[in-house]
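Written below as C-alpha cells is the structure these notes are about.
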Amino acid sequence: MTKLAERVRIQTVKTLSDDWYVLKKTTFDYQRGDGTWQTQNRETYDRGNGATILLYDLSRRTVILTRQFRYPAFASGYTELLIEAPAGLLDNISPEERIREEVEEETGYRVHQVQKVFEAFMSPGSVTEKLYFFVGAYTASDRIADGGGLASEGEDIEVLELPFAEAFAMIGTGAIQDAKTIMLLQYAALHIFA
C-alpha cells in the first residue's frame with residue numbers, strides 16, 4: 001500500500017485570514033484509491049491542538065462542567081450558553097500541563113491526578129485541531145479559587161457541579177450539545193460510573 005504522503009501533492013497554499021487563528025486555502029492533487037489523480041481545494045482552520053477534562057467525584061457521583069457564551073454556536077442558531085467540560089489550547093506546553101492550568105483557571109479546582117483517556121480530531125473536514133481527552137478525580141477541598149476564566153481572554157465562565165446522572169441525561173434533552181463534553185460523559189458512563 002502506498003504511503004498517504006505519496007498520494008498528496010500540494011500545489012498552492014494561500015492564507016485567507018490570520019486574525020484569530022489561521023485560515024488557509026490549499027490546492028492539491030490527491031491519488032484516489034483507483035490510482036487516478038484528482039485536483040482538490042480545501043480550506044483548513046488551524047487553531048492549534050487542545051486538551052479537555054471531565055472532573056468527577058465518584059463517592060458523591062458528581063461532575064464539574066462549565067457554562068459560557070460561544071459565538072460560533074450562537075451564530076449557528078443556538079440561543080443558550082454552552083455547557084462544556086473545561087478545555088484549552090495547548091499553546092506549546094504538554095497536554096497534561098495545559099489541562100491542569102485550564103482546570104484551575106476555569107473552575108477554581110486544583111486537580112492532582114489526570115488520566116489521558118484518548119485523542120480525537122473534532123472536525124477533521126476543516127479544522128486541524130487534535131484534542132487530548134482527560135479525566136480526573138476531585139473533592140470539595142480541591143477548590144482553591146472561584147474560577148471563571150480570564151476576563152482578558154473574553155472568558156465569563158460559570159462553574160457547574162452536577163450529579164453525573166443529571167449531566168448524562170442532559171445529552172438526551174439537548175441541554176448539552178458540545179461534542180467533547182458528550183464524549184467525556186459517555187466515557188464516564190462506561191468506565192467510571194458504570
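Note that CD of Glu129 is 6.0 Å distant from CG of Leu89, once rounded to the nearest 0.5 Å. A distance of 3.5 Å separates CD1 of Ile93 from CZ of Arg98, quoted to the nearest 0.5 Å. Rounding to the nearest 0.5 Å places CG of Leu55 at 10.5 Å from CD of Glu106. Distance check, rounded to the nearest 0.5 Å: CD1 of Ile182 to CD1 of Ile83 gives 11.0 Å. Interatomic distance, Ile144 CD1 to Arg110 CZ, rounded to the nearest 0.5 Å: 3.5 Å. Between the NZ atom of Lys116 and the CD1 atom of Ile99 there is a distance of 13.0 Å, given to the nearest 0.5 Å.
The shortest non-hydrogen separation linking Leu184 to Ala85 is CD1-CB, 3.8 Å. Tyr109 approaches Thr139 most closely through the heavy-atom pair CE2-O, 3.7 Å. Listed here is the closest heavy atom pair of Ala120 and Met183: CB-CE, 4.0 Å. Of all non-hydrogen atoms in Thr128 and Asn49, the two that sit nearest each other are O-OD1, 4.0 Å. What you find for Pro86 and Thr66 is that their closest heavy atoms are CG-CG2, 4.2 Å. For Ala167 against Leu65, the heavy-atom pair with the smallest separation is CB-CD1, 4.2 Å.
Taking hydrophobic clusters as Ile, Leu, Val, Met, Phe, Trp and Tyr residues chained together by side-chain heavy-atom distances below 4.5 Å, Leu58 shares a cluster with Phe168. In this structure, Ile157 is not a member of the same hydrophobic cluster as Leu150, with clusters built from ILVMFWY side-chain heavy atoms closer than 4.5 Å. Linking ILVMFWY side-chain heavy atoms closer than 4.5 Å, directly or via other members, places Leu160 and Val103 in two distinct hydrophobic clusters. Side-chain heavy atoms closer than 4.5 Å link hydrophobic residues (I, L, V, M, F, W, Y) into clusters, and following such links, even through other members, never connects Val114 to Val63. In this structure, Val117 is a member of the same hydrophobic cluster as Leu131, with clusters built from ILVMFWY side-chain heavy atoms closer than 4.5 Å.
Between Phe69 and Phe74, the ring centre distance stays below 6.0 Å.
Between Arg100 and Glu97, none of the side-chain N atoms (NZ, or NE/NH1/NH2) sits under 4.0 Å from a carboxylate O, so this pair counts as no salt bridge.
Residue pairs meeting the side chain to side chain donor-acceptor pair (under 3.5 Å) criterion with at least one partner in residues 171-182, sequence neighbours excluded, are Glu84-Lys180, Asp178-Lys180, Asp178-Thr181. Among residue pairs with one or both ends in residues 18-42, none qualify as salt bridge (Lys or Arg N to Asp or Glu O under 4.0 Å); sequence neighbours excluded. Note on residues 140-168: pairs passing salt bridge (Lys or Arg N to Asp or Glu O under 4.0 Å), not counting sequence neighbours, are Arg60-Glu161, Arg67-Glu158.
Residues forming a side chain to side chain donor-acceptor pair (under 3.5 Å) with Tyr30 (at least two apart in sequence, or on another chain): Arg7.
In summary, the side chains of Tyr138 and Thr62 do present a donor paired with an acceptor at a separation below 3.5 Å, with no hydrogens or angles considered. Remark: the Gln115 side chain and the Gln113 side chain contain no N/O donor-acceptor pair separated by less than 3.5 Å.
Residues Val127 and Phe121 are not in side-chain contact: their nearest non-hydrogen atoms beyond the backbone lie 4.5 Å or more apart. Side-chain contact between Tyr21 and Tyr45 is present, with at least one heavy-atom pair separated by less than 4.5 Å.
Under a 4.5 Å side-chain heavy-atom criterion applied to ILVMFWY residues, the cluster that includes Tyr78 comprises Leu82 as well.
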N/O donor to acceptor pairs below 3.5 angstrom from side-chain atoms of residues 186-194, sequence neighbours left out:
none

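Within a 6.0 Å radius of CH2 in Trp37, other residues, nucleotides and ligands contribute more than 12 heavy atoms.
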